[in-house]
Amino acid sequence: MMGNEQEYIELFGQNRELIDSACAELLNREREQSFARFKASGFPTRKDEEWRNTPIAKQFGINYGMNLKRAEANMNTSAIFHCDVPNLKSHRVYIVNDSYSPDEGHSRELPQGVILGSLNAIAGSHPTLLDKYYNRLACDGDSIAQFNTMFAQDGVVLYVPRNTVVEETIQIVSLIQANVEMLLNRRILIILEENSKANILLCDHSSQEKQSLSTLVTEVFVGAGASLNIYDIEETANNNTRVATLLVKQEADSHFNHCCITLTNGFTRNSTNVALTGRGAETSINGLAIGDKTQHIDNHTLVDHKVPDCTSNELYKYILDESSTGVFAGKMHIHPDAQRTASQQTNRNLCLTNCAQMYAQPQLEIYADDVKCSHGSTVGQLDENALFYMQQRGIPADEARHLLMYAFAGEVIENIDIVPLKERLHILIEKRFRGELGKCKGCNLCK
Amino acid sequence: MKKKNNILKKLANKAYEFGFVSKIKTDIIESGLSEDTIRLISRKKNEPEWMLEFRLTAYRHWLTMEMPQWAHLDIPPIDYQAISYYADPLKKNKENKNKEIDPELMKTFEKLGIPLEERLALSGTAVDAVMDSVSVKTTFKEELKEKGIIFSSMGEAIQEHPELVRKYLGTVVNYRDNFFAALNTAVFSDGSFVYIPKGVRCPRELSTYFRINAANTGQFERTLIIADDNSYVSYLEGCTAPMRDENQLHAAIVEIVVNENAEVKYSTVQNWYPGDAEGKGGVYNFVTKRGDCRGNNSKLSWTQVETGSAITWKYPSCILRGDNSQGEFYSVALTNNYQQADTGTKMIHLGKNTKSTIISKGISAGKSQNSYRGLVRVSKNADNARNYSQCDSLLLGDKCGAHTFPYMDIHNNSAIVEHEATTSKISEDQLFYCNQRGIGTEEAIGLIVNGYAREVLNKLPMEFAVEAQKLLSVSLEGAVG
C-alpha cells in the first residue's frame, strides 16, 4: 500500500460516528463492507492494469477537507448558476458540494409516483424501495467506488415507476464552492422501472479557487422496456480532480444512451460500466474529451454482454492540445452464450502538439461464437489536404483548423436527442476551441 | 449440423503427428536449479569465465522476481526445482570422440522431415538441428563460411567467436527484461548463432529445428542473429515435441540485431505438442523474441504460425531505433481443445519516419482461449511514425474465446496510428455456398480458414507455407460447430 490511504482509513475510523449520525441507516449499513474492501486494496497503483496510465493515488495526497460535519454551504445556487441551456425546459436540482439542494425556481410538477430528491432523505423515508438498489452495483466496484461508499452522505435519487414517462429533462447540477481544499463524495441513484422513460442532464461546475477532488458514483437501473438518456457535461476547473464511476444495469429490451463530455477539468477519470442482463437490450455510450494545458482525461468503459441478442455501440473522441494526456480503455466482454451480440466500438484521437500524449486501449473479450464485434482506434492529426483546400478558398488557417476540429467533435454531439442541448454544446465546444469558454457574461462559475 | 459436428470431431481428434519419443541415450543432469546447476551447465559447455558470470548475475536477479500474472492465461504453478535444465543426446558420441551422430538421432530428424545430410537437402535450406539442450548438427556451414557468414550453434559460437557473442548477447533482451528472460539467461543451453557480414546477402534460407525429446526437461535455447550493414537473411524456425502427460517448459530468447540498410526475415512455424483433447500435457511456450533495428533503413519482419503448445505466451517485438526503419508482424495463431495463447507484438517507434505493420489472425476452436495483445508505442522524437494494425479473430465453436488487447501509447503528434479488429465466425452462408458447389463441409472449412490466413501464409517462405497450410488444416478442420 502506498500510504495515502492510511490517512483516510484513520480518518474514517475516527469519525465513523460523526459520519453515521448525519445519515440514514441504509447508507451507514453499507460502509462497513466497503471499508474492509478499501482497507484490503488501498488506492489503485500504476501496476493495476486498469490504472496503468492514471496515477490516481497521488491525487488523494493533498490535505483535503471533508465536510463530515455537514456544514451547509451558504450558496444561492440559482443566482450563481447561469450557464444554463437556453430553451431547455428542465426540472433542476443541485448537489452543492456534497449535499442535495432543491431549486424552487426551476422545479416543475413531476408525474405521479416519480421521486426526485435527496438520497439521504429518501433513504430514510423509503428504505424498502432503496434497499433493492443502493450500493447493489457499486459493492463490486473498484476501490474508489468503495471509498465513495465509505464516506458518501448525500446525493440525488430519481425513481420513475413503471409505465411513467418523464417528459421534461431532469437536470442535476453539481457545484463546488468552498474556501479550502475540498474532497467531496457524491452519489446518484437512478431507477427506471418497466417501460418508463427519462432524460437526465448532469452538469458539473465549480467556482473553487483552491484544489478540489470529487468522487461520484452513479448507479443506474434501467428496467425492462425502459429508456434512459444521460448526458454528462463537465465544465469544472483545472484545479479539480474528478473520479466518476457510472454503473448501469439494463434489463430486457431497455435502451440506454450515454454521452459524456469532458471540457475543462484538470484530472479526470470516468469509469463507465454497462451490464446488459436482459435480451434485446441496447446501449450506446459516447464520449468527447477536449484537453489542453496539463489536463489528464481518462475514460474507461466496460460493456458486459451477459445475455444473447443485445446491441452495443461506443464512440469516444479525444482532441488533445498543449501538454494534455488522453487515456481511453474500452472493453467489450461477451459472455459465453451471449450469442447474436452486435457490438461496435470506435475511438478516434487527435493529437495537436508534440507534448500531447494519447494512450488508447480498445479491447475485446469474446466467449461466444455467433457474434459481430469490432473495434477501431486511430491516433492522428488534422488532414493536411483538407486544411490546404480550405485555405485555397480563402479560409484562414486557424479558422480552417477550428472548423475541422469542430466537425470532428460534432459526430459525438449528434448522438444527443435534446435539441436545445445539442445547440448549446455546439456553442460550448466552439468556444472551448477558441479558448473563450470562461468568458460568458454574468457567470462567475466557470472560469 | 450433427453430421458436420461428427466430421469436426473426427478431425479435431486427429493425433499429433510428431508425438513419438526417440530412444536415444541422453545425458540428463539432475532436476533442480541452484548456482551449482548453472556452474555445472557452464562447465559441461566448457564456457569462459565471463559467460558463467553472465549467467550467475541473471540467476541472482531471477531469484528476486516473481512470475508475472497479467496475461489472459490460466497457468498452473510451475515447480522450477522439478525441471532438469540440461539434457545432452550427443554425450555418448562425444566420449568416443566420434563425430558420427547416433543413427537413432538421424532417424528422428528424418522422421520429422529435417534433412541433416546435406546431399539429401533439396530445398536449399541450411539447418541447425537442436535436440533438448544441444545442437545436433549444422548443415552447409562450410559453404556459408566462404561468404563470411557464421551459422553455428550458440555453444560453438561462444568458443569460436567470443568477441561477437560478448558484444551482442543480452543487448536486445536484457536479463532484467522479464522473469523468463532472466531464467533463460541463467540456464540457456544451446541455440543458433548467425552473423551476416556487411554487404552479404545470405544465399540460403537459414533454419533451426528445435526438438524436445527427453522427459522432465525444459528447453531453454537462445538465438542471436546479427545482420550487419547492407545484409539480408531469411531465417526459419520449427519445433516439435513428443506427447507426454506432463507439461514441459520451453523458455527461449531470440535476439536480432539489424544494422544499417539490413533486412532480417524471421519465420516461425511453432508446433510443440499441444496436449491431448482433455488438455493434459503439452508444452508451455514462454518465449521472449525481440529485434533491434539499430541502423537507418533497416527492416525486420516477423512471421509466425502458432498451432502447437498448451500455452503460448510471446510477443515478437521490433525496436525501430534507426530512422526510416520498418517492422512487420504477421501472425496466425490457432488454438484448439484446451490450448491457450496470449500472443502479439510490440512495435516501439524511436527513430524518425519509422513504419510498422501488424496483421494478426487468431483462430479459436474447441475450448481454447486465444488472445492478441500488442503494443504500439510512438516516442516523443519519432516524427512521422506510421502504424497499421489489423487483428481478426475467427471463432469455431461456442465454447472458445477470442480476445483482443491492443495498447497504443502515442507521444508524438505527427504519428498516424490505426488499429482495427473484428471477430466473427464462419458463416452458414459461406458453408452453404461451398456445399452447393459440391465442396464437402470439411473441405470448405479448410478452404475458408486458409483464405482467412492467406495474408500471413503468403509471407512465409515457400517450403514453410506448404507445411503451415497442412498444419492449419490438421489442427482446424472439424473444429467448426
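In what follows, chains are A, B, ... by sequence order, proteins preceding strands, each numbered from 1.
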Quiz prompt | Residues of residues 344-357 of chain A within contact distance of chain B, non-hydrogen under 4.5 Å | solution = A/Cys351, A/Leu352, A/Thr353, A/Asn354, A/Cys355, A/Ala356, A/Gln357
Self-check item: Between A/Ser374, A/Gly376, A/Ala360, the one whose heavy-atom pairs under 4.5 Å with chain B are most numerous
Solution: A/Ala360
Self-check item: Rounded distance (nearest 0.5 Å) linking atom CD1 of A/Ile366 with atom CG of B/Asn370
Solution: 11.5 Å
Self-check item: Nearest-0.5 Å distance that lies between atom NZ in A/Lys372 and atom OG1 in B/Thr422
Solution: 11.5 Å
Quiz item: Crowded around B/Arg377 CZ? As in, over 12 foreign heavy atoms under 6.0 Å?
Solution: no
Quiz prompt | Flag side-chain contact, heavy atom, 4.5 Å: B/Pro406 against A/Pro362 | solution = yes
Quiz prompt | Interatomic distance, A/Gln363 atom CD to B/Phe405 atom CZ [nearest 0.5 angstrom] | solution = 6.0 Å
Quiz item: Does the side chain of B/Asp398 come within less than 4.5 Å of A/Gln339's, by heavy atoms?
Solution: yes
Practice problem: Let me know if B/Asn381 has heavy atoms under 4.5 Å from chain A in its side chain, its backbone, both or neither. | Solution: neither
Quiz prompt | side chain to side chain contact (heavy atoms under 4.5 Å, CB included) between A/Tyr367 and B/Lys399, intermediate numbers included | solution = CA-CA 7 Å; A/Tyr367 298 91; B/Lys399 300 277 186 294; over 6 Å; no
Quiz item: Where is the tightest heavy-atom contact between A/Ala368 and B/Leu395, given as atom of each residue plus distance?
Solution: O-CD1, 3.1 Å
Exercise. Mark yes when over 12 heavy atoms from residues, nucleotides or ligands other than A/Asp383 sit less than 6.0 Å from its CG; otherwise mark no.
Key: yes
Quiz item: If we only count heavy atoms from C-beta on, is the A/Thr378 to B/His419 side-chain gap below 4.5 Å?
Solution: no
Quiz item: Of B/Asn387, B/Val417, B/Asn413, B/Val376, which meets side chain to side chain contact (heavy atoms under 4.5 Å, CB included) against A/Val379?
Solution: B/Val417
Self-check item: Which portion of B/Gln390 sits near chain A, non-hydrogen atoms under 4.5 angstrom
Solution: neither
Quiz prompt | Basic-acidic side-chain contact under 4.0 Å: A/Arg52, B/Asp409 | solution = yes
Exercise. Assess whether atom NZ of B/Lys355 is packed by more than 12 heavy atoms of other residues, nucleotides or ligands within 6.0 Å.
Key: no
Exercise. Name the option with the most non-hydrogen atom pairs under 4.5 Å to chain B; the candidates are A/Gly380, A/Gly326, A/Ser377.
Key: A/Ser377
Quiz prompt | Option in B/Arg373, B/His411, B/Glu418, B/Glu420 with maximal non-hydrogen atom pairs under 4.5 Å from chain A | solution = B/His411
Quiz item: Out of curiosity, A/Phe328 CZ to B/Met408 CE, how far, rounded to the nearest 0.5 Å?
Solution: 10.5 Å
Quiz item: Is chain B contacted by the side chain of A/Glu365, its backbone, both, or neither, given a heavy-atom distance below 4.5 Å?
Solution: both
Quiz item: Which value, rounded to the nearest 0.5 Å, describes the distance between A/Leu364 atom CG and B/Ser393 atom OG?
Solution: 7.0 Å
Quiz item: Got a second to check how far B/Ser414's OG is from A/Gln381's CD, nearest 0.5 Å?
Solution: 6.0 Å
Quiz item: For the candidates B/Ser371, B/Ala415, B/Gly401, B/Ala421, which exhibits the highest count of non-hydrogen atom pairs separated by less than 4.5 Å from chain A?
Solution: B/Ala421
